[in-house]
Protein chains: 2
Amino acid sequence: MDILERSYPGRRAELKRAILRAGLECFNAQGIEATTIEMIRSGCDTSVGAIYHHFGNKEGLVAALLFAAMEDQASLRQQYLATAQTPRDGVSALVLSYVDWVADQPEWARYQFNARFVVANGPHKEELVARNRARNQQLQEWFARACAGDKLTSLPYELVPSLIIGPAESYCRAWLSGRVASSPRVYRETLAEAAWRALGVA
Amino acid sequence: MDILERSYPGRRAELKRAILRAGLECFNAQGIEATTIEMIRSGCDTSVGAIYHHFGNKEGLVAALLFAAMEDQASLRQQYLATAQTPRDGVSALVLSYVDWVADQPEWARYQFNARFVVANGPHKEELVARNRARNQQLQEWFARACAGDKLTSLPYELVPSLIIGPAESYCRAWLSGRVASSPRVYRETLAEAAWRALGVA
DNA sequence: ATTAGATACAGAATATTATTCTGTTACGGA
DNA sequence: TCCGTAACAGAATAATATTCTGTATCTAAT
């Protein structure tokens, strides 16, 4: 099942998906700013009118792609969390789901890194923070339940997320930009262990 | 001493610096893609001809700002490394210099995060990787000398940089985008300790 | 089955914006 | 002092995003 099929299912959305697919390809190949509407149009053999009808403008297309990527990533995370029991399992689920998603969908991951900032101060910034808030909500609920009241670590709460996925994110980024050779999947367990160590739970 | 004074010193470069200053402000306020040359022009009261004369095109201005930021950040890192003796000190120097630089120059740091990807697949990508290579060179030299032959950790080399600065970078990014409240400076020591723990040196 | 009302699409027309070009001025060394 | 070069201005041009108008297709109610 394709990422786009999930976010935009059905026969009616066929062209919409084709536009998104072409957009993803162009944005990754040329960079977001450098790709023109005409490139995307020719990439899926449609008209500019259709593109603007479905997405409003270039920013809208950029944002739609980012949201699709984030939803898919979050859904994998929820899958992994569903089978986790202990806090230790939870931390692993976060790191492993992150790494596996990037390794499975490198093109989407690459796009996500690039697009986040563009969207973050474009016209869809409110929608972005709203969606982020909703996702964080889910996460907090899981940990609240798993930790059952007692604190996971003595570290300040706002620091914890960065300690957990910071290294994985950094490595994935390095991989996508070609600075390192090995797929992050090679280090999935190592990264999960390092994250747990970083939390410093005795 | 201003960052721009360092990269573009002297009276002759006054307008050049003014353009860069205006560019930084616009890019951070509106996003890189959304800022027009006209906005920058009016921001420093010059002509489009002058801007193109000094930087060739918009990409050139974007890249010049990024390179200035990276040079300044690297220079602070070298300062911190200069007084470090042990490998443990070296890791601290990396984390602390990173955190302090972001806290000192939040506008430059914010810009750096955004611009890296734009430049990474724009026309200056070769120059970017060349500069990165040169900087990594310096770093490796320090650690080769400090570790004096024996290995710092059993972890694979390509993973180490991500373990060290991944969390700091992640937290700094969260701070700049307003997702967390406390300045990263508050956690500078904590982040340095966590980085060391993550390396898992017994 | 028919039709009103929407939605989907095409492509020309327009508006914005990046870039170039031509000319003028200031500067620095022979 | 004068020649060559770099610095700047601003109009002209080119590339690109966006809008607009028209046509076809679909959906749902009668």
Side-chain angles (χ1 to χ4, degrees), chain A residues 4-5 7-66 114-115 118-119 121-124, chain B residues 4-5 7-66 114-115 118-119 121-124:
Chain A
L4 288 173
E5 294 277 348
S7 289
Y8 301 94
R11 197 191 99 263
R12 296 291 305 278
E14 197 139 343
L15 177 58
K16 206 161 189 171
R17 289 195 299 273
I19 295 170
L20 288 162
R21 233 185 311 274
L24 179 65
E25 192 168 321
C26 290
F27 289 147
N28 273 340
Q30 334 273 335
I32 293 177
E33 175 154 20
T35 72
T36 71
I37 296 292
E38 165 60 20
M39 291 175 190
I40 296 171
R41 191 208 59 76
S42 81
C44 54
D45 194 50
T46 181
S47 64
V48 293
I51 296 175
Y52 279 86
H53 170 70
H54 283 290
F55 300 103
N57 53 26
K58 191 175 164 184
E59 274 289 337
L61 175 55
V62 169
L65 276 169
L66 176 66
N114 295 5
V118 176
V119 176
N121 41 18
H124 295 83
Chain B
L4 288 173
E5 294 278 349
S7 289
Y8 302 93
R11 196 190 100 262
R12 298 289 306 274
E14 196 138 345
L15 178 58
K16 205 161 190 169
R17 290 196 298 273
I19 295 171
L20 287 162
R21 232 185 311 274
L24 179 65
E25 190 169 322
C26 291
F27 289 147
N28 273 340
Q30 334 273 335
I32 293 177
E33 175 154 19
T35 72
T36 72
I37 296 292
E38 165 60 22
M39 291 175 191
I40 297 171
R41 190 208 58 78
S42 81
C44 54
D45 195 51
T46 179
S47 63
V48 292
I51 296 175
Y52 280 86
H53 170 71
H54 283 290
F55 301 102
N57 53 25
K58 192 174 163 183
E59 273 290 338
L61 175 55
V62 168
L65 276 168
L66 177 65
N114 294 6
V118 175
V119 176
N121 40 19
H124 295 82

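Being a predicted model, the structure only gives us computed values, none of them experimental. In what follows, chains are A, B, ... by sequence order, proteins preceding strands, each numbered from 1. The figures here come from the full heavy-atom set of this structure, side chains too, leaving out hydrogens, waters and symmetry mates.
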Roughly, in whole Å, what's the span from CD in B:Glu33 to P in D:dT18? 9 Å
Do A:Leu66 and A:Val118 have side-chain heavy atoms sitting under 4.5 Å apart? no
Below 4.0 angstrom from OP1 or OP2 of C:dC9, is there any side-chain N or O of A:His53? no
Nucleotide C:dT17, atom P - distance to CD of B:Glu38 in whole Å: 9 Å
Measuring to OP1 and OP2 of D:dA15, would you say a side-chain N or O of A:Thr36 lies under 4.0 angstrom away? no
D:dC8, C:dG11, D:dC26: which one has an atom nearest the side-chain heavy atoms of A:Ser47? C:dG11
What integer distance in Å separates B:Glu14:CD from D:dA7:P? 14 Å
Pick the closest DNA chain C nucleotide for B:Arg11 and for A:Val48 by heavy atoms, then say which residue is nearer the 5' end. A:Val48
Hey, does the side chain of B:Arg41 come within less than 4.0 Å of D:dG10's phosphate (OP1/OP2), counting only N and O? no
Check the distance between D:dA15's P and B:Ile37's CD1 and give it to me in whole angstrom. 17 Å
Are A:Arg11 and A:Glu14 ion-paired here, with the side-chain N under 4.0 Å from a carboxylate O? no
Rounded to the Å, how far apart are A:Met39 CE and D:dA15 C1'? 11 Å
How long is the span from the OG1 atom in A:Thr35 to the CD1 atom in A:Ile40, to the nearest 0.5 Å? 4.5 Å
Can you tell me how far C1' of C:dC21 sits from CG of B:Asn57, to the nearest Å? 16 Å
To the nearest angstrom, the NZ-C1' distance between B:Lys58 and D:dA15 comes to 13 Å
Nearest-angstrom distance from the residue atom OH of B:Tyr52 to P of D:dG10: 17 Å
Output yes when a side-chain donor or acceptor of B:Lys58 lies under 3.5 Å from a complementary backbone atom of B:Ile32, and no otherwise. yes
